[in-house]
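Quick caveat, the model's predicted, so the values are computed rather than measured. Values below: every heavy atom of this structure, side chains too, minus hydrogens, waters and symmetry copies.
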Amino acid sequence: MPDLVGSFQTCAVRGHSIQQNLWLMRDLVEYVMDRDLPCALVSLDQEKAFDMVDHGFLFKILKKFCLNPFSESLARAFQVEPLFRPFHIPSGAKVKCLQYADDVTCVVSDLASFRALTGTLSTFQGATGARLNPTKTKGLRLGKWRSKQLPFASSWVDDAIKINGIWFGYGSPESLAWNEKVDLVEARLKDFGDHNIT
């Protein structure tokens, strides 16, 4: 698997962990906020990702890779698109998208890359039968792009976004996660209180 899928796909790859991308995203967001850089995270939500894959496309991918990578072809399409420029991390890594199975988060740091992102997604959707779920595709504007209108159809926010169950952004996103857990526990306790338990 590590020879077939990109280094930013952390699902089902020996030696990779979901935490790798979450830590990378956390550090990237902090880096962008500290330096007030133009950047956006776009969390793509594919509508019924595994149900809508065109079988002809899938069989071609299976033949080429000798296994079933599904959304890896989308990551490869992003990687080879020269107009979708990567975000350069101080460690030397270049990031265009981070993946966990079919959950894809794109890191966009210049306006021209939005056109390339849209074009690549359009080509991918035409080839595979995949469709983005526009109501669940979310974007977080960071740094100089906060409160700016960006050229991508997404539900944009300027404070925090939830990706793979973790909050990222401004304010104290970790408190959002804890507040959700506290609310869940309190709801459970209330539920027990409503029952006549001896």
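Between the CD atom in Q79 and the NZ atom in K94 there is a gap of 10.5 Å [rounded to 0.5 Å]. Between atom CZ of residue R26 and atom CZ of residue F168 there is a gap of 8.5 Å, rounded to the nearest 0.5 Å. For the atom pair S154 OG and L132 CG, the distance stands at 9.5 Å (nearest 0.5 Å). Note that CG of L111 and CZ of R115 are 7.5 Å apart. Values are rounded to the nearest 0.5 Å. Distance check: T118 OG1 to F84 CZ gives 10.0 Å after rounding to the nearest 0.5 Å. Here the CD atom belonging to E30 is positioned 13.5 Å from the CE atom belonging to M25, to the nearest 0.5 angstrom.
Under the 6.0 Å cut-off for aromatic ring centres, F114 and W145 qualify, their centroids lying closer than that.
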_Stepwise side chain to side chain contact (heavy atoms under 4.5 Å, CB included) test for Y31 and L37_ = CA-CA 8 Å; Y31 179 77; L37 300 173; 3.7 Å; yes
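Using modelled atom types, no side-chain atom of K96 and backbone atom of F87 make a donor-acceptor pair closer than 3.5 Å.
For the pair L98 and I163, the minimum side-chain heavy-atom distance is 4.5 Å or more. Counting only heavy atoms from C-beta outward, the side chains of L44 and C106 approach each other to under 4.5 Å. Put simply, the side chain of K138 does not reach to within 4.5 Å of the side chain of W156, judged on heavy atoms. Side-chain contact between C39 and L28 is present, with heavy atoms from C-beta onward closer than 4.5 Å. Considering only heavy atoms from C-beta on, L121 comes within 4.5 Å of F152 through its side chain. Between V104 and F78, some side-chain heavy-atom pair lies under the 4.5 Å cut-off.
Put simply, the residue from L142, T105, L140, I166 that forms a side-chain contact (heavy atoms from CB on, under 4.5 Å) with I161 is L140.
Pairing each heavy atom of A77 with each of T120, the nearest pair is CB-CG2, 3.6 Å. The shortest non-hydrogen separation linking A160 to V157 is O-CG2, 3.4 Å. Residue L150 comes nearest to A40 through the heavy atom pair CD1-CB, 4.0 Å, listed as atom of the first residue, atom of the second, then distance.
Residue I89 is grouped with residue L41 when hydrophobic side chains (ILVMFWY) are merged at heavy-atom distances under 4.5 angstrom, including chains of intermediate members. V107 and Y170 fall within a single hydrophobic cluster, where Ile, Leu, Val, Met, Phe, Trp and Tyr are joined by side-chain heavy atoms under 4.5 Å apart, directly or via other members.
For R188, the CZ atom sits in a loose shell: 12 or fewer heavy atoms of surrounding residues, nucleotides or ligands are nearer than 6.0 Å.
The pair K144-D36 does not meet the salt-bridge criterion, since no charged nitrogen lies less than 4.0 angstrom from a carboxylate oxygen.
Evaluation of the salt bridge (Lys or Arg N to Asp or Glu O under 4.0 Å) test over residues 147-170, restricted to residues two or more places apart or in two chains, returns R141-D158, K162-E180.
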